[in-house]
Amino acid sequence: MGVQGLLPFVSSASTEVSLEDYRGQTLACDASVWLHRGAISCARELAEGEPAVGFLRFPLRMIALLKRHGVRPLIVFDGGAMPMKARVDAARAADRESAKARGEFNKTVKITAAMTQQLIERLRQDGVEFVVAPFEADSQLAFLVQHGHAAAALTEDSDLLAYRCPSVLFKLSESGHARRITFAGLQHAQDSKGQLLFDGAWEGEWAAWEGGLFVAMCIMAGCDYLPSVPGVGVATAHKALRAGRTVERALAKLHSKRSGPPAPVAAEAYLLRALGL
DNA sequence: CGCTAGGGATACTC
DNA sequence: ACTCGTCCCTAGCG
């Protein structure tokens, strides 16, 4: 899920925070992760089509955790499926089928609209606010924070950074602590040698990353919408973009060093289009 | 030596 | 008929 390896790559820009820091404020919460983890507790029942409500326990406990710290939860649900992700969705469905055949029910877990409806009913009863995103929750979460409807997004999905969400909370623990990464804070992210990743190599470098290079790095490293370039991860994409300073030159650099199967040129066309270039 | 990608173990109850 | 896993470790690549 998300961009593989992105969070470790920028982990130096993360800080430990407590839910207490958000007392009296709103957090936009990604419901899908909570539902997925909750569904593990009744994976077999769900796989066999038996009635089950155990999957509600985990998300409700997380909401209670937020309330205990005086935080106002705004739960965000996924909406419609993205046509561009049809290929990935089909592959995941096939994986679930084979897992079911092997009896590995934990890997067959899929959150259905009916399950989402059950949680929504509980939220209505409990007076917990929620919204259903038009498509994926990711971009809706980023929107809510960007427009001041929430102080931060609470999720496990690194895509929130690709969507330039101003403030994201990852890895919330039962103790109420989490790792926070702000988009502006990425300016100070550094590698293992203490060198800045997105600033200082040339005049106005951070503005370039902020303006589009960071999103390009995420896409080049592999996303759910496009076939990825084999052998290119976050680090390689970062190096190419920093050396080339533009998406076009970075892609050219990757080409010159590549060997093996031909590069998916269609992916590059989509990339440039997605970036408005 | 850094990096990518894949395999294995693992998730959930309060 | 219905919606996304992730961490750790390492082989094997450049």
Side-chain angles (χ1 to χ4, degrees), chain A residues 1-9 11 30-47 49 52-62 64-65 68 76-96 99 102 104-120 132-141 155-160 162-163 170-175 179 191-193 195 217 220-225 228-240 253-254 256-261:
Chain A
M1 190 170 73
V3 182
Q4 284 78 8
L6 179 60
L7 291 185
F9 190 70
S11 63
D30 189 343
S32 70
V33 184
W34 290 349
L35 277 167
H36 193 276
R37 289 181 64 178
I40 302 290
S41 67
C42 49
R44 189 196 59 80
E45 290 86 341
L46 291 170
V53 290
F55 64 88
L56 295 172
R57 208 160 26 231
F58 188 82
L60 291 176
R61 203 168 70 226
M62 286 298 128
L65 174 63
R68 200 181 316 141
V76 181
F77 292 93
D78 282 316
M82 289 286 278
M84 275 189 75
K85 286 181 68 175
R87 192 175 299 271
V88 167
D89 288 338
R92 285 171 179 159
D95 288 342
R96 284 193 295 268
R102 294 193 303 272
E104 300 174 2
F105 297 117
N106 286 356
K107 294 182 179 176
T108 69
V109 166
K110 184 180 64 167
I111 307 307
T112 67
M115 294 165 68
T116 298
Q117 275 304 321
Q118 291 185 66
L119 180 54
I120 285 178
V132 179
F135 292 98
E136 298 211 296
D138 311 0
S139 47
Q140 183 69 32
L141 288 162
T155 184
E156 302 297 339
D157 195 341
S158 57
D159 280 344
L160 266 291
Y163 288 136
F170 298 99
K171 307 182 195 311
L172 175 65
S173 71
E174 303 250 0
S175 67
R179 303 294 304 180
D191 61 19
S192 57
K193 296 171 194 160
Q195 299 299 311
M217 179 184 77
M220 288 166 67
C223 65
D224 288 346
Y225 299 92
S228 62
V229 184
V232 174
V234 183
T236 303
H238 172 263
K239 279 200 192 87
K253 278 185 179 302
L254 289 178
S256 62
K257 293 193 175 183
R258 263 176 57 73
S259 61

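A note on names: the letters A, B, ... follow the listed sequences, proteins ahead of strands, and every chain is numbered from 1. Source: prediction; values computed, not measured.
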Distance-minimising heavy-atom pair for [X] and [Y]:
| X | Y | result |
| --- | --- | --- |
| F58(A) | G38(A) | CB-CA, 3.6 Å |
| I111(A) | T116(A) | CG2-OG1, 4.0 Å |
| S41(A) | F55(A) | OG-N, 4.3 Å |

Using whole Å, report how far [atom1] of [X] lies from [atom2] of [N].
| X | N | atom1 | atom2 | answer |
| --- | --- | --- | --- | --- |
| D159(A) | dG5(C) | CG | C1' | 13 Å |
| L60(A) | dT13(B) | CG | P | 11 Å |
| F170(A) | dC7(C) | CZ | C1' | 16 Å |
| E136(A) | dG5(C) | CD | P | 12 Å |
| L7(A) | dC7(C) | CG | P | 8 Å |
| I120(A) | dC2(C) | CD1 | C1' | 14 Å |
| R102(A) | dG8(B) | CZ | P | 11 Å |
| Q118(A) | dC2(C) | CD | P | 18 Å |

With a cut-off of less than 4.0 Å, is there a side-chain N or O of [X] near OP1 or OP2 of [N]?
| X | N | answer |
| --- | --- | --- |
| K239(A) | dC3(B) | yes |
| R61(A) | dC12(B) | no |
| R37(A) | dC12(B) | yes |
| R57(A) | dC14(B) | yes |

Counting N and O atoms only, with roles assigned by atom type, does the side chain of [X] sit under 3.5 Å from a partner on the main chain of [Y], one being a donor and the other an acceptor?
| X | Y | value |
| --- | --- | --- |
| S158(A) | V3(A) | yes |
| E156(A) | F170(A) | no |
| D78(A) | A137(A) | yes |

Indicate, with a heavy-atom threshold strictly under 4.0 Å, whether [X] touches base, sugar-phosphate, or nothing.
| X | result |
| --- | --- |
| D157(A) | base |
| S32(A) | base |
| A235(A) | sugar-phosphate |
| R96(A) | sugar-phosphate |

Heavy-atom contacts under 4.0 Å between residues 105-114 of chain A and DNA chain B, which residues?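 The stretch gives N106(A), K107(A) as the residues lying under 4.0 Å from the strand, ordered by number.
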Let me spell it out: for each of V234(A) and S41(A), pick the nucleotide of DNA chain B with the closest heavy atom. Which residue's pick is nearer the 5' end?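 The residue closer to the strand's 5' end, by nearest nucleotide, is V234(A).
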[N] versus [M] - spacing of their [atom1] atoms, nearest Å:
| N | M | atom1 | answer |
| --- | --- | --- | --- |
| dG5(C) | dG6(B) | C1' | 15 Å |
| dT10(B) | dA1(C) | C1' | 30 Å |
| dC8(C) | dA11(B) | P | 14 Å |

Does the side chain of L160(A) come within less than 4.5 Å of D138(A)'s, by heavy atoms?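 Yes. Closest side-chain heavy atoms under 4.5 Å.
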What I'd like to find out is whether the side chain of V234(A) reaches to under 4.5 Å of the side chain of M217(A), using heavy atoms alone.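 Answer yes - side chains close enough.
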Among dT3(C), dG2(B), dC12(B), the one nearest I40(A) by side-chain distance: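 For I40(A), the side-chain atoms sit closest to dC12(B).
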From the options dG5(C), dT3(C), dC3(B), select the nucleotide whose nearest atom is closest to the side chain of D78(A).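 Looking only at side-chain atoms, D78(A) lies closest to dT3(C).
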Which comes earlier along DNA chain C counting from the 5' end, the contact point of G80(A) or that of K171(A), where each point is its nearest nucleotide?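 First, find each residue's nearest nucleotide; the 5'-ward one identifies G80(A).
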